[in-house]
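Everything on this sheet refers to the single structure shown next.
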Amino acid sequence: MPAINASAPGKVILFGEHAVVYGQPAIAAPIREVKAKASITPDPKGEVGAVHILAQAVGIDALLVDLDDSQPLAATLRQVCAHLGVKSLPACTLKITSTIPVAAGLGSGAAVSVAVIRALASFLGQPLPDEEVSQLAYEIEKLHHGTPSGIDNAVIAYAQPIYFIKDRPCEKLHVKKTLTLAIADTGISSPTKQAVGDVRKARQADKKQYDAYFESIGSLADSARQAIEAGNIEQLGVLMDANHGLLRKIGVSCPALDTLVTTARQAGAFGAKLSGGGRGGNLIALVNDERADAVARALIAAGAVRVIVTDIRKA
Ligand code: PMV
């Protein structure tokens, strides 16, 4: 039996991060320029249950039996087995590679989960529909994030732009006019779990104010959906700027993000904002084909460690 391979894209959140944890709508899109890959090679001579996990980037080279469920990869494998009613796995090697930067707001954890779930389900001869893949990845997201909204696993499993509200089926978005984004990395690693935890504490201290911020972010996401569906790029840029302003207010931006956001706007972006958990990681700037190069160059000159220019279009 040949190796079974599966991959999953990275993602950006276009609107609504953090507020989405509190029930507000958000918009996210897959980024195909970066991806996680899982490859499972059977070992016909090995004993049943001898599953070798290799994930060099995170320093894992271990047997499944030696890892407990606090290790997300081990938890993922066991969860897929439980879901599919498989008691023990045939001997095999699972190899994971990824070009998605870790702790940068591009969905690396969820993409690894989705790739592993798909590869294992296919390896076991029971490929899963996107919805079940998303649900299983959500369980693993809880290990990464604590209290995730579920947007990362959903956008990555469906691999389409989505409009998302927590605990509701996600809606695929109709993108009327292709959106060109420059995604710039501050190079600052920032775990989402920490930012989400800090926002939770700040909300506990001032619930009324924070809920008002979240509602404003939610209405921006609703307006953004209309702008995306109408192909109104300029309006979308204005909404992005407003969303970044609110993310600053809830305390998840940082000087490096603010500098790069301002740089992108000055270099001709229609709008820009941080994307994901914040405090570092990536920002997104809405550009068009003519402006993309100038904005990308300006971002690098202002300290971005990497810029990806990508298109978001109707799937
Ligand atoms: O994984 P990140 O950093 O893109 O963050 C996900 C978005 C948050 O709203 C901050 C958290 C969540 O669970 O929705």
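Both counts, for ligands and for their atoms, begin at 1 and track the order of listing. Fair warning: this is a prediction, and the values are worked out from it, not measured in the lab.
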Quiz prompt | By salt bridge (Lys or Arg N to Asp or Glu O under 4.0 Å) - contacts of E229 (at least two apart) | solution = R225
Exercise. Please list, chain by chain and in numerical order, all residues satisfying salt bridge (Lys or Arg N to Asp or Glu O under 4.0 Å) with K201, sequence neighbours excluded.
Key: D198
Check: every ligand 1 N/O to protein N/O pair under 3.5 Å:
unit_1, atom_1, unit_2, atom_2, d
ligand 1, 1 (O), D152, OD2, 2.7
ligand 1, 3 (O), T192, OG1, 2.5
ligand 1, 3 (O), G277, N, 2.9
ligand 1, 4 (O), K11, NZ, 2.5
ligand 1, 4 (O), G105, O, 3.4
ligand 1, 9 (O), H18, N, 2.8
ligand 1, 13 (O), S149, N, 2.8
ligand 1, 13 (O), S149, OG, 3.4
ligand 1, 14 (O), S149, OG, 2.5

Exercise. Could you list all the ring pair (Phe, Tyr, Trp, His ring centres under 6.0 Å) pairs where at least one residue sits in residues 151-187, not counting sequence neighbours?
Key: none
Quiz item: Does NZ or CZ of R200 lie under 6.0 Å from the centre of the six-membered ring of Y210, at an angle within 45° of the ring axis?
Solution: no
Quiz item: Is K11 paired with D152 through a side-chain N to carboxylate O contact shorter than 4.0 Å?
Solution: yes
Quiz item: Are R118 and E132 ion-paired here, with the side-chain N under 4.0 Å from a carboxylate O?
Solution: no
